[in-house]
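A short write-up of the structure that comes next.
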Amino acid sequence: MDKGIIYEGKNMALFEEEMDSNPMVSSLLNKLANYTNLTQGVIEHEADEDSKRREIKAPRMGTFIGVYLPCLQNILGVILFLRLTWIVGTAGVLESFIIVFMCCACTMLTAISMSAIATNGVVPAGGSYYMISRSLGPEFGGAVGLCFYLGTTFAGAMYILGTIEILLTYISPSAAIFKSEDGGEAEAMLNNMRVYGTCIIALMAIVVFVGVKYVNKLALVFLACVILSIIAIYAGVIKTAFDPPDFRICLLGNRTLSRRNFDTCAKFTKIDNKTETTRLWRLFCDSALLNATCDEYFSLNNVTEIQGIPGVSSGVLIDNLWSTYSDKGSVVEKRELPSLTGTEETKVAGLPYVFTDIMTFFTMLVGIYFPSVTGIMAGSNRSGDLKDAQKSIPTGTILAISTTSFIYLSCIVLFGACIEGVILRDKFGEAVNGNLVIGTLAWPSPWVIVIGSFFSTCGAGLQSLTGAPRLLQAISRDGIVPFLHVFGHGKANGEPTWALLLTACICEIGILIASLDSVAPILSMFFLMCYMFVNLACAVQTLLRTPNWRPRFKFYHWTLSFLGMSLCLALMFICSWYYALIAMVIAGCIYKYIEYRGAEKEWGDGIRGLSLNAARYALLRVEAGHPHTKNWRPQVLVLLNLDSEQLVKHPRLLSFTSQLKAGKGLTIVGSVLQGIYLDKCVEVQKAEENVKSLMAIEKTKGFCQIVVSPSLRDGVSHLIQSAGLGGMKHNTVLMAWPQSWKLTDNPFSWKNFVDTVRETTAAQQALLVAKNIDLFPANQERFSEGNIDVWWIVHDGGMLMLLPFLLRQHKVWRKCKMRIFTVAQMDDNSIQMKKDLQMFLYHLRLNAEVEVVEMFENDISAFTYEKTLVMEQRSQMLKQMQLSKNEREREAQLIHDRNTASHSAAVVQANAAAAAPERVQMTWTKEKLVSEKHKNKETNLTGFKDIFNLKP
C-alpha cells in the first residue's frame, strides 16, 4: 500500500526526454500541438503579443520535436514531389543513385561538422551564420552569411514556383491567365508563373508581416502533409505488387503521346459496324476522312497502349537502369519498341507528342536535385529553444538526414521498379491525363500527393520568408556590413520589417525567372558554399587545437570535414561552373568589403588563430638565417617625438615612411615617454591611440611601440635594441633632425642625437635622418616634375641608390627623375668616373642621370683630408700587423673609441675655456698633406681602395 502511494502518478518510462509531469501520450500530444518550424528568435518577437506562449516555451523541446521533425520537414519538399521521378527516368536508376548518394553524403559530412561546432557553445539566432562567423571571423561569416541568406531567399522563390506549378498543372489548369497559342505552351506557363508568383509573394509577405504566430499555427498541418504524402507513396508501392493502378499510356510507334487532347488510343473505332476515325486521327491528318493526308510517321506506325505502372514485380527496373538524356524539344520515346521513321524527316512540332522542355545531362540534374537535401540547419537554428541543445542537435540532425537519405534512395529504386520509363521522363504527366507522376503511384488516391505537396511547398515558402529576414537582421545587428545597418531595424517587437521587404524583392527576382529548373541550381550554389565553409570552420578549429575547442559531440575528425569541404566544392562546379564562379565572386566581393569597410570584431575566430600559427611558423623560418641581398629591403624603425598632450610633433615623418615603404616590409613606429611606467600607463595608452590613428590616416601599415624610460637616451636605446621579434627586426632607423640642438637651454638635445647615431652604427643598422621633415610632401600631393638628387660621396653598398628608387614607387614621387652626383678632384679622370658610375647603375638596373662635380683641393676642408688619411693609415697599419678579420675589426673599434673619447674631452675643455676659433689647430695642414701624398703615392693607391670596404 505504501509503495502504491509512493509510485502513484509517477512515470516509469525508461526515456524521459519528452516527459514533464504528464503521461507520455499526453505530453507528446501537447508538444505536437505547440510544434513550430520557425527559427529561434521568432517566438520571442511574438512574446509581447501572446503571454501564453511564454508559458508554453518554459518546458523546452527535446530531440524529436525540436530537431528531428523540423529537419525532416525542411529536407523533404518540392523536388521530391515534382522532379525526383523525372530525374530517375532521365538519369536512370544507377546514375540517380549516384546523384542522391553524393548529395546526401555531402549533407551528412556537413552535419557532422555542424554538430561539432554547435556543441562547442550556444548557437543563438542566425544559425549557420553565427557558427561560421564565430569560427572563421567576421569577413568569412558576413560573406557566407549573406550567401546563405540569398540561398534561403531563392529557396522561397523555388517553393512558390513549385506551389504554382502544382496549382496550374495538376489542381486547376483552367485557372491559367495566359493560354497557349500555336505551340507556345511553355511561354504561357512562364507568364502564368510570374503573375501568380508575384501575387503569392505579396500575400505571404503580408501574412509574415502581420504576425508569424499565424504561420506557426499551420506548422503542424504542413508537417502532417509531408508525412502523409511519404506514407502514401510507400503504400502505393506495396499495392502495385498485387494490384497495380490502371494508368495506360498511348504510344505511336515508340513515341509517347499526350492524352490532353484525345481520349481513345486508336486510329479508328467501330460505331454501328462503321469504321470511324478518332480524335487522334484528326490531330495527325488534315481531315476526318479515311483517305485524308496524314503525317508520314503516323501512317507507318501503329498505335499501342501499355500499362504506365506495371508494378514492383514486373521487372521494369532492368529497363530503367540506364540513362536516357535528350536535347530540348525532342520526343519522349520508348526505345525498346520498333519504329519506322520513313524517308523524310517528319515535323513533330504541333503534334500531340510528349516533348522534353530542357536539354538534360548529368551535371544539370545534380544542380536541380541538390536543393532537396538542404534544410539540415533547421535544428541548429533554434538551439536556444531546446532542452539540451548539445545532445539534441547532433542526434536529431543526423537521424533526420539518415531518414531522408533512406527515403530518397529507396524512392529511386522503387520508382524505377514500378513506373514505366516514358512516364518517368514525362515531367508534367501529359501521358497520364495531366496527373502528377508520383501521384499515380500513391494510394489511396493521386489527390493525397497533390494536396499534400501543395500545402507542404506553400508552408516551406512561408518558412523561407520568415527565416531569411531574421538571418539578414542578425547580420545587420552584428554591424560588420555597414550598408546593411538599416535592415537591423523593424517593428517595436523586433519584427524585421525592412529585411522582409528586401527579401520579398529578391524573391521576386527568382519568380521572374519563372522556371523551377533554372532557380534550383542558383540556390544550390549558395547552400553549397555555406556548407563548404561550415566544414572548413570545423577542420580549422580541429587542426589548430585551440583550448576553447571542446565540442561535446566527439564523432568528428578533420579529415571528414576536409572531405565534406572538397565534396561541396566539387558539387558546386559539377552543378554549374559559371554559377559557382559567380557565387564565389559575390562572396569574395563581400569579404573584401567587410575587410576594408566593416567594423573590426574580435570573436576569437579560427582564422585569427590560423594567422598566429602561420606567423609563428614564418618567424621561425626567417630566424634560421640572415636575409639574402636580393631579399633585403629597409625594415624601418620610425622614432617619433610626442608633445605634452601625447600628439605627434612631426606627422610628415609617417607620410615619408608610407611613401618609402608603399605598404611593403616591416614598419615599427616607436616613441619614448620620460618617466616611470607605473605613473605613465594612462599616457602610454593615449599615446598609442594617437599614433595608431595617425598611422591609419597616413596609411602607414605597421606596428606601434611606446616605451617608458627614466631618460630619453635609454628609451631610444631600448627601442633600437629590442624592437621587433625574431627575424622580423628593423635594419634601418628613421628619425627627424633635432630642431633645438643649438639652444643653450637644451644641452642634451645634440647629445641624444649623437648617441642615437652611435648606437645605430653599433647595431650595424642604417640611419636615415630627415631634415626639415615638415616641408616634405603629404600623401595626397603629386609632383608633376622634379628631381631626386643623390650626393654619392662614399660607396655604401647601394643604400643611397635604393632610397630614391623606393620613393619613385609611390604616387607622390612617380614622375620625378633621379640624379646621381659624385665629387672628383682636379687630377681625377672625371670622364672615366662618370662612365664607371653609369655602368654601376646599369648593373643595379636603375635609371638615373649621372653628374660628376669637379672640385679644387682647397674646396675640401683640411679636416676631411685629415680624416681620410687617418683612415688610410689605420687600414695600412692593421694590414701590416697581419691580424685576423675579427681581431682587425676589434682593434679598429678600439682606435675609434679612443679617438672619439679624446675628441669629446677636447670639446668639453674647449667649451669650458671658451676658446676662440683661431686657437683651434689641425694636426694635418694642407702642405703637410701634399708632401705626404707625394711621399707615399703607392701606399695611398691601395689605401684608397680600402675606404670602400671599411666598416664603421
Side-chain angles (χ1 to χ4, degrees), residues 36 38-49 57 117-118 120-153 156 205 208-209 211-213 215 377-378 380-386 389 463-507 526 530 533-534 537 586-587 589-608:
T36 174
L38 302 177
T39 56
Q40 179 186 349
V42 176
I43 298 175
E44 288 84 335
H45 291 157
E46 295 297 335
D48 296 333
E49 303 173 12
K57 185 177 179 291
I117 298 174
N120 191 50
V122 179
V123 181
S128 60
Y129 158 71
Y130 183 90
M131 288 191 291
I132 295 170
S133 62
R134 269 57 177 181
S135 298
L136 293 180
E139 293 87 1
F140 278 110
V144 181
L146 285 175
C147 285
F148 190 55
Y149 162 74
L150 292 173
T152 308
T153 306
V208 174
F209 177 76
V212 289
K213 60 182 178 181
V215 182
M377 301 286 184
S380 63
N381 284 353
R382 42 195 299 177
S383 62
D385 297 332
L386 300 173
Q463 287 152 15
S464 295
L465 282 179
T466 305
R470 279 159 184 80
L471 178 59
L472 183 62
Q473 188 181 44
I475 299 172
S476 303
R477 287 181 172 176
D478 263 346
I480 59 174
V481 187
F483 70 86
L484 292 179
H485 182 68
V486 66
F487 298 108
H489 305 295
K491 292 197 293 186
N493 63 348
E495 281 292 320
T497 309
W498 293 107
L500 176 63
L501 184 62
L502 179 66
T503 302
C505 293
I506 296 175
C507 201
F526 293 124
C530 175
F533 280 100
V534 169
I586 291 173
C589 291
I590 298 170
Y591 179 93
K592 297 305 290 184
Y593 176 81
I594 295 173
E595 188 179 27
Y596 285 109
R597 296 294 305 275
E600 292 184 5
K601 297 284 183 180
E602 177 51 59
W603 287 331
D605 53 87
I607 291 298
R608 186 169 178 82

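Treat the numbers as computed from the prediction; the structure is a model and nothing was measured. Residues: numbered from 1 along the sequence shown.
- Side-chain contact between Glu139 and Ile590 is absent, with no heavy-atom pair separated by less than 4.5 Å.
- Of all the heavy atoms in Ile480 and Gly142, the pair that sits closest is CD1-CA, 3.6 Å.
- Put simply, the side chain of Val534 does not reach to within 4.5 Å of the side chain of Val144, judged on heavy atoms.
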| Between Met377 and Phe148, is a side chain to side chain contact (heavy atoms under 4.5 Å, CB included) present by the stated rule, with each step listed? | CA-CA 11 Å; Met377 301 286 184; Phe148 190 55; 4.0 Å; yes
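- Residues passing the side chain to side chain contact (heavy atoms under 4.5 Å, CB included) test with Phe209, sequence neighbours excluded: Lys491, Thr497, Leu500.
- Gly156 and Ser464 make their closest contact through CA-CB, 3.5 Å (heavy atoms, listed as atom of the first residue, atom of the second, distance).
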| request: Give the C-alpha distance, both sets of side-chain angles, the deciding distance and a yes or no for side chain to side chain contact (heavy atoms under 4.5 Å, CB included) between Ile506 and Tyr149. | output: CA-CA 10 Å; Ile506 296 175; Tyr149 162 74; 3.8 Å; yes
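- Here the straight-line distance linking atom CG of Leu484 with atom CG of Leu146 works out to 5.5 Å at 0.5 Å rounding.
- Applying the side-chain contact (heavy atoms from CB on, under 4.5 Å) test between Thr466 and each of Val208, Thr152, Thr503 identifies Val208 as the sole match.
- Ring-plane geometry between Phe533 and Phe140 is classed as tilted, the angle between the planes lying from 30 to 60 degrees on a 0 to 90 degree scale.
- Contact detail for Gly488 and Ser476: the closest heavy-atom pair is N-CB, 3.5 Å.
- By the side chain to side chain contact (heavy atoms under 4.5 Å, CB included) test, Ala499 pairs with Pro469, Leu472, Phe487, Pro496, sequence neighbours left out.
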